[in-house]
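Input: a single structure, listed below in structure tokens.
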Amino acid sequence: MRRVVALQELLGPAALVIAAALVGAIVSTSNQTYFTDALVKVAIVAALYLFIGNSGVLSFGHISFVAVGAWTAGVLSVPVSEKPAIMPNLAHVLRDRTTGNLGSLALAALVGGVCALVVGLPLMRLSGLAAGIATFGVLEITHNLLRYEEKVGPGLNTFSSVPETTTLRQAALGALVVIVVAFAYARSRFGRLLRATREDAAAARAVGASVYRQRLIAFTISGVLAGLAGGLYVHLLPVNTESVYLDLTFITLAMLVVGGATSLWGAVVGALAVSALDSYLAVAENGTSLFGWQIDLPAGTRVIVVGILMALVLILRPSGLTGGREFRLWPRSA
Amino acid sequence: MTLAVLNIDWQTLADATALGAIYALMAVGIGLVFGVLRLVNFAYGQLVMAGAFALALASQWGWPVWAGIVLCFASVLTLSLLMDRLVFRPLRGHSPAVMLVATFAVAFLLQSVALLWFGPLGKIATSLAYLNRPVTVSGVDIRKITIVAVVVAAGCLVALSVLLERTTIGLHMRASSLDFQTARLLGVRANRVIGMAVLLSGALAAVVAVMLTVQTPLVTPDFALRDTIIVLAGVVLGGMNRPIPATLGGFAIGFGTGLLGGSLPTNQSQYIPSFVFGAVILVLLVRPGGLFTRGRAVERV
């Protein structure tokens, strides 16, 4: 019985992802991009949840692992013949090789995880504000290095010529993989211990949990998933250093906060709800009509609306739309 | 006349000092609010940006310089009070991390509002441009703004320390940043102290806006964003909890980046952000309370 109850916590998020993918499959091709993008965002936000939600420690740095994953997958999948045009200063090791789609995604996840482990080794000793600022520093450093280090990527250029293999189906599969991993982690011994340290670090230590080690494990797994999401992202649209920097950090954190940071259900609901709103506003910025009203919003409205929404949720309902609770088909007492 | 070893000339040194002075003011502005609210205001740069747009509009309308500066102060102070009333006050008592995320949202919000009103290309503030002309001091050309920035920053810091050390409200503010609850129990009015801190911090943002627009007359929606990020790093470097260490941290980081940026070749100076944030992370790990403080570490595990 307990296992059945637990499985419904996976059922809700997974069903929502599949539903989004199915709706995406029947809309026009131009609108399909919004759904694919939303599913990649689900993967990023679920990766964020795995660390932030379970540990209660803020991280502004996860988009660096998305960026590193995007760079890995991007560099490895640009056809050899096109590499000199986009990345003239690429290191020799990377210049003569390309991998297939799955290979590039796996390597993106691997590199994301290794980076998270290396960064986490010193940083996981920090909490609260210090952790927020330090992880922000990681984002700044990653952005700065990727921008100017042309041996590992296009530098200031945009990743063009990356095969656009992140279709609706692949994005949905990717999001499902991330969700299943996040679910399994949260149910595991490690997830429980980490949540114990979130609720009461002293008590958790008293029962033998190492706060540092638990956080490091979660940070690394979260980095793997973020790297994978980054790989999906670079295969979706032409990425450059600015598209995996402050704006993406803002929108994904907003998604997590709006949905409810302490549950997987919250992460998925938040990602899809904010994506829906954001995409609708993006369409409206180009002019659309609703119930016969012609709507033509000026550029920039999206961020304003999402920003106000995020501030309102933080003030009025700090635990998010879902209250930070997991999905349940029937109430706990039944 | 050069410091030949480091390949730094006096002009670079003067400009770095001015940048340090401006960053020190921003650091005080961020530190004051952090002292009473335990809130890191990520949206501080957007206050500066608002002031800069006020100056740009005033110069576009052909207003005299003093009227532009008045408009700049009025708009920045109004905006900071609004920010306090609408966002900071409802969030009071939340964890510092939640408040950091909230001000992160406010920063993006204000930046998009500016984008909406003024467009991505921004506006040009020209009314104070004459301050960019150099004067010759013992054979070295120094821009007037450099001298003005250092003098104004020093004046502000002196005025502020007199206020904090010699007046009742200053005493209340210092007490509140040491222990807010106890200060309240002893009769310090929370709203008045916080309001004062927010106002002072806003006034400093307006001063910074004036000086930054002289140096960079093109005002865009992301004006002062990079500066704020670097100053935040400086405040952490110096030590968040106390005003003087925070100021020193702000000055040090402004001076340091100014000096390195002016003396290193581009292919090295482009990596300055990495050095700066690497240093921040190192300090957070080794001395979580900051470089210029003693005792009381930040919470850690």
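All chains are named by letter (A, B, ...) in the order of the sequence lines, taking the proteins before the strands, and each is independently numbered beginning at 1.
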Given heavy-atom pairs under 4.5 angstrom as the criterion, report whether the side chain, backbone, both or neither of B/Leu110 touches chain A.
neither
According to the interplanar angle, ranging from 0 to 90°, do the rings of B/Phe118 and B/Phe53 count as parallel (below 30°), tilted (30 to 60°) or perpendicular (above 60°)?
parallel
Heavy-atom distance under 4.5 Å to chain A: side chain of B/Phe34, backbone, both or neither?
side chain
So for B/Arg226, is it side chain, backbone, both, or neither that comes closer than 4.5 Å to the heavy atoms of chain A?
side chain
Could you tell me the separation between the CZ atom of A/Arg198 and the OG atom of A/Ser127, rounded to the nearest 0.5 Å?
14.5 Å
Shorter than 4.5 Å, heavy atoms on both sides: which option in B/Ile229, B/Val280, B/Leu232 has the most such pairs with chain A?
B/Ile229
Portion of B/Val40 that has a non-hydrogen atom of chain A nearer than 4.5 angstrom:
side chain
For atom CZ of A/Arg325, decide whether the heavy atoms of other residues, nucleotides or ligands shown that lie under 6.0 angstrom number more than 12.
no
Chain A contact via B/Val101 - which portion, at a heavy-atom distance below 4.5 Å
both
Please flag which part of B/Ala233 lies under 4.5 Å from any non-hydrogen atom of chain A: side chain, backbone, both or neither.
neither
Looking at chain A, which one of B/Pro221, B/Pro90, B/Pro120 has the largest number of heavy-atom pairs inside 4.5 Å, strictly under?
B/Pro90
Test B/Ile230 against every option in B/Ile253, B/Val235, B/Ile272 by the side chain to side chain contact (heavy atoms under 4.5 Å, CB included) rule and name the one that passes.
B/Ile253
